[in-house]
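Quick note: numbers below take in every heavy atom, side chains included, and nothing from hydrogens, waters or symmetry partners. In what follows, chains are A, B, ... by sequence order, proteins preceding strands, each numbered from 1.
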Amino acid sequence: MVGDGVKIGLEVHCQLTSLKTKLFCSCPTDYRGKPPNTNVCPVCMGEPGTLPVLNKEAVRAAVMVALALHSKISRFTYFTRKNYFYPDMAKNFQISQYDGVGGAPIAKGGYVDLGNGKVVRIRRLQLEEDPARLVYEGTIDTATATLVDYNRHGVALIEIVTEPDITSPEDARRFLQKLRSILEHLGVFDGELEGSMRCDANISLEGGVRVEIKNISSYKDVERALRFEITRQSSLISRGIRVARETRFWDERRRVTVSLRVKETEEDYRYFPEPDLPPVMITDEFIDEVKRSLPTLPDERKRIFVEKYGVSEQNAEVLVNDKALADFFEECLKHYGKAQELSNLLVGDFLAQLHSLNLSVREVKVRPEYVAKLLKLLDKKVLTGHLAKTVLREMLKTGRDPEAIVEEKGLRRISSREMLEEIVDRVFRENQKAVEDALVNEKAVHFLVGQVMRITRGKADPNLTRQIIKSKLEKVRASREA
Amino acid sequence: MNPLAYSAEKVASAVRSGELSALDYLEAILERLRSVEPKLNAFITVTEELARRKAESIDRRVEKGLKVGKLAGVVVAVKDNICVKDVETTCGSRILKGYRPSYNATVVERLIAEDAVIIGKTNMDEFAMGSSTEFSAYGPTRNPWDLERVPGGSSGGSGAAVASGEATLALGSDTGGSVRCPAAFCGVVGLKPTYGLVSRYGLVAYANSLEQIGPMARSVRDCALLLSVIAGHDPRDSTSLRVQPVDYWAKLVDPPGLEGIRVGVIREFMGEGVQEGVREKVWEAVHSLESLGAHVGEVSLKSLDYALAAYYVIAMSEASSNLARYDGLRYGFRSSDQGLDWNRAYAKTRRWGFGEEVKRRIILGTFALSAGYYEAYYLKALKVRTLIRMEFEKAFKRFDVLVGPSMPMVAFKIGEKVEDPLELYMCDINTVPANLVGIPAISVPCGLSDGLPVGLQVMAPPLREDLVFKVAYAYERTGKWMFQLKP
Amino acid sequence: MPRKSRITLKEIEHLAWLARVQLTKREKRLFKEQLSSILEYFDKLDEANVEDLPPTFHVVEHYNVFREDEPRQFPSDIVLRNPPKMKGRFIKAPRIV
């Protein structure tokens, strides 16, 4: 089912969060946490007589993104008015960029390598202003009024439109993660900021009609929404019902897409070039200067991890897909030389535990030296793999030194033969039936090891335990034969 | 001499020297205003208190020997589509009733910095869409020369205010002739500057690629003085030209001669659509120029045939987008929208807030930009614009200035053309070309026809306001026309 | 696309919708006539030989007008004097659906 002629295209809107002011006015962009309608001025409120003036840094940031995505940068780029009425647009038109009607977006073409053998082509990149935030008392369809907050209105967005090259919901998520990593490596975007990225998806099955899904705001949601759509559409198709070509709205609470039958007629945006903004000419010199100042990007960093540090390709891909994680990795590497083992921990248990604790890498209070210590404790066999997980979790929750945690909770690996023999004896006494099983069935030994682990709360050295159990079983066998 | 007869130049120098009190001068103007305003309706808002406070502060500074500006004590009326902070700015529309801008237009900031005394906001055709000031939601303005006639538009209030002595100077805006038309009809001087010379920041947009704020005054010298205060680069307007400020007024030479100046009369401007009396006066003016040493010739600009159509398509298209913001959410009038969804609520607010002419232009502009018609209308009009520009460029190789009547007729009666939109549009036929091409154009009075003023239009290449002023000033100095305070 | 000389009532209604301007019955009838004759006048544009000419989007030929990325806080309370309907610090708009 999935993968059968599934074509997905994405339109991703990312705020250029590194900019201090909005795209066309000098309002500060640090609106998060501020009361509504605080970072506003006559320009972004669309007061009569006001005019837009382009933020210089937005052009630079857009050129950086274009270079990172291997796009072709337009020599002349123009702004266009997209005319439509909606309470989230102060002027009831959005200043954007359009390919056509005397317009030219800032860049066209390019691609993103997903790292799993798939490449997604980029159609175009454009700059545009962010709409205002709408708040409903209740849900969009039951609210009696709409509350508008223009704090965000006018913030610079870069819109990245892909070709419909994505063939699965997982790849869509992968694309967004990769894109986020690229933008974070460039330093123009911070994905942690709430609402900094929004995405619309277009999906068609088996060459059928295209359905647009709006209002997706997280990587997980893009996968969920697309999965839901595939299920919904497949179900319709299998029952012989035609899939309607429409725009649907992703409801993140109920986790379904809803038909937006709000628009009665096809919207006509009546694009025309923005008369208040002269064209922008991007010279080769400027592009070269930006190119020279570009930081290391994910694909290049992955290469470095693999070739210089000897990390496996698979681990390297996961690391560079999250800039904070890759940065953390490099920090830890300063204190612990075995890169592959380190990467295994980070992409494995570390990420898994973070996820279950609902933390992001950036929120982690663990010091890189402590991660190194943890790995050394494992190397010295002071900890078992199982124990290490427990210590790691505690480290992530509290940020404390692993050695202190081990001491306090008495989590040392039990390697004393004497102690273990005593415990094995006890297990044998309490699990006579299992012992009988183990005498004939190799696999049942595992159960006995498990019991020892249970009693010792994971501290028993598993290899030694297994050895002791086997030798005791031998003794039992021997005594029976005698 | 009665201070009401003082030129702006004289007022400023008299106030600066302490000879004339700014407050006294203002009171004289206010008295005049009180007596004629009920007949004229030139103002939507009179800012008496603000003006008094400003005048008083100027007088105090003069007393202390502190420096005061170039327009010290000069009373200026500002068209109601130019934002003055905290003062109701309606653009002649109901939809902006009660709107008080949070900021001053750049030109207003410059006026204030030079110590002008702003007396109020003048009446206009709603959102500058009109040529007679009959489309205002606040009643028509009457022509000081004949109260049964229109003062021209859309800056009719500004024209009437200057002509009647309710202000020394005024600011208007010119998108398709809206400064030159009332200047011609009211017997005053009005200039549309080169596009980009005067900041549009604070000018409520009607058609962004065509409009400019323009100075209106009783004399060419005063007009040049006002221009030198408001002109110059503004970083808040991205279409503003990066030019050094020029003191146009200081550059006016006395006695002015026109030796070596090549004057081209545009044949298409003198055709049969133009009233006989108007043509006569303009030819007389042209002969005066000749007697001052100018070489006069004729030029034919065939593309002018399409100018009016191109102008209206472009202006209406831009307007339909510029006026979309008036939905009652953030400022202005909002109709009661009990139970209505936003689409219907907006449609209702705009239905009650906009007048008929504005609705007409919004509908046509929406049409010209709509899918399927964009190429045939908007794009086509922009190409015609290129054609007209090219023809003007060629003409300016042969001539320094191009002249003709500002308006094809003298002021018509109130109500005469209001029923036929197209007939009203036709009034702009001589003025729109300068907006399409972006060149400076002035209207200077050159006589009376049937007892009503006729305006001579002088156009020059971009940024050649100096040529426009030179020719206009030279004509003015022949004395063939003397300013007359009306009514 | 062809030139239009007659505009229909339906088209006027569609345009009124696109522009969010409700028209009275009288206005619709009046406009149908007036706009048709205005559009007929616009036919003049066809007579101009301009196919090969570039459109003039900007009368002023300059590029790269920028602003530095330096924040300036505008006193929001002044701006918030104007909205006709507010709820707390939010601007109140009609319902969406």
**Study point:** Contacting moiety of C:N64, where chain B heavy atoms sit under 4.5 Å
**Key:** backbone
Point to revise | Side chain, backbone, both or neither of B:K85 within contact of chain C (heavy atoms, under 4.5 Å) | key: side chain
Point to revise | Heavy-atom contact with chain B under 4.5 Å, split by part of C:F66 | key: neither
Check your understanding: Does C:N49 CG have over 12 foreign heavy atoms under 6.0 Å away?
Key -> no
Practice item. Side chain from CB out, backbone as N, CA, C, O: work out which of these in C:I91 comes under 4.5 Å of a heavy atom of chain B, or both, or neither. Key: side chain
Practice item. Answer with side chain, backbone, both or neither: which region of C:E61 has an atom nearer than 4.5 Å to a non-hydrogen atom of chain B? Key: side chain
Check your understanding: Got a salt bridge between B:R360 and B:E356, using NZ or NE/NH1/NH2 to carboxylate O under 4.0 Å?
Key -> yes
Review point. Which bit of B:L329 is near chain C, if near means a heavy-atom gap under 4.5 Å: side chain, backbone, both or neither?
Key: both
**Study point:** B:K192/B:E211 salt bridge by N-O under 4.0 Å criterion
**Key:** no
Review point. Of all residues at least two apart in sequence or in a different chain, which pass the side chain to side chain contact (heavy atoms under 4.5 Å, CB included) check with C:P71?
Key: A:K20, A:T21, A:P28
Review point. Of the options B:Y326, B:W352, B:Y99, which is the one that meets B:F333 in a side chain to side chain contact (heavy atoms under 4.5 Å, CB included)?
Key: B:W352
Review point. Highest number of heavy-atom pairs under 4.5 Å with chain C: which of B:L387, B:L422, B:I363?
Key: B:I363
**Study point:** Among the listed options B:L210, B:D420, B:T366, B:N208, the residue most often paired with chain C at heavy-atom distances under 4.5 Å
**Key:** B:T366
Practice item. Salt-bridge test for C:E13 and C:K28: reply yes if a basic N is under 4.0 Å from a carboxylate O, no otherwise. Key: yes
Point to revise | Ring-ring centroid check B:Y201 B:Y103, cutoff 6.0 Å | key: yes
Practice item. Using non-hydrogen atoms and a 4.5 Å limit, figure out which bit of C:L80 sits close to chain B: side chain, backbone, both or neither. Key: neither
Review point. For C:R67, is it the side chain, the backbone, both or neither that has a heavy atom under 4.5 Å from a heavy atom of chain B?
Key: neither
Exercise for review: Sort B:P101 into side chain, backbone, both or neither according to what part of it lies under 4.5 angstrom from a heavy atom of chain C.
Suggested key: backbone
Check your understanding: For B:R236, is it the side chain, the backbone, both, or neither that has a heavy atom closer than 4.5 Å to a heavy atom of chain C?
Key -> neither
Exercise for review: Evaluate the criterion salt bridge (Lys or Arg N to Asp or Glu O under 4.0 Å) for residue pair B:D337 and C:K92; output intermediate values, then yes/no.
Suggested key: CA-CA 11 Å; B:D337 46 45; C:K92 204 165 173 198; over 6 Å; no
Practice item. Could you look at B:E423 and say if it's the side chain, the backbone, both or neither that has a heavy atom under 4.5 Å from chain C? Key: neither
Review point. Is the B:Y377-B:F367 ring centre distance short of 6.0 angstrom?
Key: yes
